[in-house]
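Structure first, then comments.
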Amino acid sequence: MTIPSLLAEKIRAALAGIADVHPQVTVATDARFGDYQTNVAMSLAKAQKANPRQLAQQIIDRLDVGELCEAPEIAGAGFINFRLKPAWIEQRLAQLATDARLGVPLPARPKQFVIDFSSPNVAKPMHVGHIRSTVLGDALARIAEFLGHRVVRDNHIGDWGTQFGMLTVGWKTEVNRTALAADPLGEMERIYKLISARCKEDPATLDAVRQELVKLQAGDEENLGIWKEMIRLSQAQFDSIYGRLGVRFDVTLGESFYNPWLKDVVEQLRELGIATASEGAWCVFSDGTGKPEDDPFLIKDKDGWRPNPAMVQKSDGAANYTTTDLATLEYRIKTWAPDEIVIVTDGRQQLHFQQFFAIFRRWQPELLAKVRLAHVWFGSILGDDGKPFKTRSGETIKLAELLDEAEERALQLVAEKNPDLPEAERREIARIVGLGAVKYADLLPNRQSDYLFSWEKMLSFQGNTAPYLQYSYVRIRSIFRKAEGARAGTTVSLTEPAELALAKKLLQFGEVLPQVLDDYRPNQLANYLYELASTFHSFFEACPVLKAEAATRDSRLLLCEVSARVLQQGLALLGIEVPERM
Ligand code: ARG
């Protein structure tokens with residue numbers, strides 16, 4: 001059990017007969033006043049119109065925490081502060097050292113997750129925007145699994161839609177086979193752009209595009225063959241990027257997988273009166289049950305609230321992204337009976353998800369009764385100029401090229417830092433550092449904020465970066481190499497403030513990790529790891545390890561060893577590897 005849960009349980013017992021609540025215990029905001037705190041007396045006093053400090057005293061009088069804490073103290077308006085006893089920290093740390101889960105508790109009941117992430121579009125190179133979905137979704141999946149939950153990782157690739165009309169015309173008339181072999185996604189993107197531009201001025205091309213699309217939708221063999229080939233070529237390139245990033249999926253059910261259900265979805269929505277006819281299309285409007293400000297089918301302009309409907313069938317009879325997502329959600333719930341469905345995309349799709357979740361709730365509320373639905377959205381990556389990150393010539397940056405550049409830049413750094421390493425090892429370290437830097441820079445900011453992409457910053461060995469954390473790990477490992485046979489002890493004795501501070505930080509790993517899933521924010525883990533590394537460095541500066549006398553040395557080595565393990569495990573949960581040297 002984590003320390004906050006342990007304290008919460010004790011407080012709950014002390015409250016017997018006074019109130020039945022689940023007290024919140026958090027890490028103290030100011031270490032001078034203690035290690036943990038609770039505001040339970042304040043919130044209870046408010047509800048019972050009592051004096052919070054008196055209530056706090058009453059709780060303390062009945063509280064039995066002598067084994068783990070010094071006498072609790074009341075602070076401010078009625079906070080109760082707890083300071084852990086060194087002897088108890090020693091005992092917990094010794095346990096942590098033998099715990100393969102590093103203090104991370106298993107859930108009482110494992111949950112089933114479906115995580116929809118990455119989800120790039122066929123015939124288009126994955127661009128820098130897809131990195132956030134891929135890296136965030138992968139980290140969430142790793143964390144959920146480590147926490148003991150079951151996860152289905154679903155890559156909902158965009159493999160259907162009107163773009164295939166243009167692509168098919170381009171494929172039949174313009175494709176350059178040599179270019180296609182060399183860079184399939186680049187060539188498919190080229191023919192798409194070419195035909196799309198031509199459509200604007202040439203009605204005959206537009207007509208051809210429509211016909212090819214109709215043929216594809218009707219199951220024409222030739223067009224289906226071309227479409228499948230485009231998917232195959234795209235998937236091969238996606239897979240090469242996933243391989244580099246160490247990202248895997250359990251299923252890849254693209255949009256086209258749901259085609260057989262779409263007619264039926266629209267029909268049901270029509271029969272239930274959820275979708276109504278509007279200029280030849282079928283749309284969903286507000287049902288007027290919610291507050292306008294929470295109603296995704298209303299939008300405000302100078303004249304007040306006006307309808308902002310979601311289309312589920314276009315006037316030409318074709319279904320769209322919303323229809324597909326409705327069918328997708330139904331399939332996922334019926335197939336995996338998940339507790340949580342998490343979809344990771346950029347913030348521009350917020351309205352789409354609000355509308356489609358609302359439609360589903362009106363359509364099949366009973367299916368949603370037990371599911372937590374989350375659109376986990378993120379902001380944009382910006383260039384130096386504060387505008388969306390582009391190449392100098394204004395083109396979107398391709399993910400594969402970005403990863404190449406990351407490895408190359410890291411290689412230069414490694415070569416400078418460690419010129420004696422053999423070439424192959426240097427390259428391997430550069431791979432780990434370069435990819436780690438890109439992933440970490442992406443995971444560190446609050447996901448909903450935009451962030452400035454900066455090679456200098458993300459590859460720096462100072463500050464809150466992957467190289468800094470990786471280097472911290474390497475430094476700890478080198479302690480063990482430096483003294484042949486140096487081995488962590490099995491008992492701990494903590495006397496220096498820096499030792500205690502480090503031990504307490506280590507004990508927090510199991511508290512921080514479950515919180516990441518509350519609001520799907522891996523940045524909380526990133527920040528924890530940075531604090532841990534900084535706490536480790538302060539300890540290492542203040543407390544000699546190898547030069548200390550035997551008992552102290554072994555205890556400090558144990559602190560070192562657990563620190564390395566938590567850093568390695570924490571980074572692994574963010575999808576980041578560590579080198580053994582750098
Ligand atoms: N293919 C979409 C894109 O590139 C993302 C799909 C996300 N998943 C979903 N179920 N809508 O933006």
Side-chain angles (χ1 to χ4, degrees), residues 113-138 140-141 151-164 167 185 188-189 192 227 230-231 234-235 237-238 241-242 247 249-259 261-262 265 296 310-312 319-336 338 340-361 363 367-368 371-381 388-389 396-400 442 447 520:
F113 280 75
V114 175
I115 306 185
D116 166 338
F117 69 104
S118 193
S119 307
N121 300 316
V122 163
K124 263 197 197 166
M126 276 171 93
H127 57 78
V128 56
H130 285 112
I131 195 173
R132 290 202 91 175
S133 176
T134 308
V135 168
L136 260 167
D138 180 55
L140 291 171
V151 181
V152 173
R153 300 153 190 248
D154 187 357
N155 195 359
H156 189 76
I157 56 170
D159 61 357
W160 196 251
T162 48
Q163 71 272 30
F164 285 99
L167 284 163
L185 289 176
M188 286 189 271
E189 191 186 33
Y192 174 80
W227 170 72
M230 289 195 266
I231 296 181
S234 306
Q235 189 68 53
Q237 291 213 301
F238 300 155
I241 288 188
Y242 296 142
V247 168
F249 293 91
D250 301 299
V251 289
T252 297
L253 298 179
E255 294 179 16
S256 70
F257 176 79
Y258 300 96
N259 283 347
W261 290 284
L262 302 185
V265 170
M311 198 184 281
V312 291
N320 63 10
Y321 192 48
T322 304
T323 334
T324 309
D325 260 336
L326 288 164
T328 305
L329 189 51
E330 178 178 30
Y331 178 86
R332 287 178 178 163
I333 297 176
K334 290 189 171 163
T335 308
W336 295 299
E340 295 190 29
I341 298 179
V342 179
I343 305 169
V344 190
T345 83
D346 74 70
R348 286 169 304 183
Q349 297 192 34
Q350 282 177 82
L351 180 65
H352 163 75
F353 282 97
Q354 287 160 5
Q355 291 188 325
F356 129 64
F357 288 170
I359 298 172
F360 200 96
R361 203 156 277 128
W363 175 35
L367 279 191
L368 284 189
V371 193
R372 179 181 182 202
L373 278 186
H375 175 218
V376 169
W377 60 271
F378 51 83
S380 319
I381 306 182
F389 189 38
T396 51
I397 292 175
K398 296 180 180 152
L399 193 43
D442 210 75
R447 65 177 160 80
Y520 312 107

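We count ligands from 1, going down the list as the structure has it; atoms in each ligand are counted the same way. Along the sequence shown, residues carry numbers from 1.
Ring-plane geometry between F360 and W363 is classed as perpendicular, the angle between the planes exceeding 60 degrees on a 0 to 90 degree scale with a lower cut at 30.
With 3.5 Å as the limit, one finds no donor-acceptor pair spanning the side chains of D325 and T322.
Taking both residues in full, the closest heavy atoms of I241 and A400 are given as CD1-N, 3.9 Å, listed atom of the first, atom of the second, then distance. Nearest heavy-atom pair, P120 versus H130, reported as atom, atom and distance to 0.1 Å: CA-NE2, 3.6 Å.
Residues in residues 342-351 take part in these side-chain hydrogen bond (donor to acceptor under 3.5 Å, both in side chains) pairs, two or more places apart or across chains: Y321-Q349, T345-H375, D346-R348, Q350-W377.
Counting only heavy atoms from C-beta outward, the side chains of V312 and V265 never approach each other to under 4.5 Å.
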List of N/O pairs, ligand 1 versus protein, all under 3.5 Å?
unit_1: ligand 1; atom_1: 1 (N); unit_2: S119; atom_2: O; d: 2.9
unit_1: ligand 1; atom_1: 1 (N); unit_2: N121; atom_2: OD1; d: 2.9
unit_1: ligand 1; atom_1: 4 (O); unit_2: S119; atom_2: O; d: 3.3
unit_1: ligand 1; atom_1: 4 (O); unit_2: N121; atom_2: ND2; d: 3.2
unit_1: ligand 1; atom_1: 4 (O); unit_2: H130; atom_2: NE2; d: 3.4
unit_1: ligand 1; atom_1: 8 (N); unit_2: D116; atom_2: OD1; d: 3.3
unit_1: ligand 1; atom_1: 8 (N); unit_2: D116; atom_2: OD2; d: 3.1
unit_1: ligand 1; atom_1: 10 (N); unit_2: D116; atom_2: OD2; d: 2.8
unit_1: ligand 1; atom_1: 10 (N); unit_2: D325; atom_2: OD1; d: 2.8
unit_1: ligand 1; atom_1: 11 (N); unit_2: Y321; atom_2: OH; d: 2.8
unit_1: ligand 1; atom_1: 11 (N); unit_2: D325; atom_2: OD1; d: 3.3
unit_1: ligand 1; atom_1: 11 (N); unit_2: D325; atom_2: OD2; d: 2.9
unit_1: ligand 1; atom_1: 12 (O); unit_2: Q349; atom_2: NE2; d: 2.8

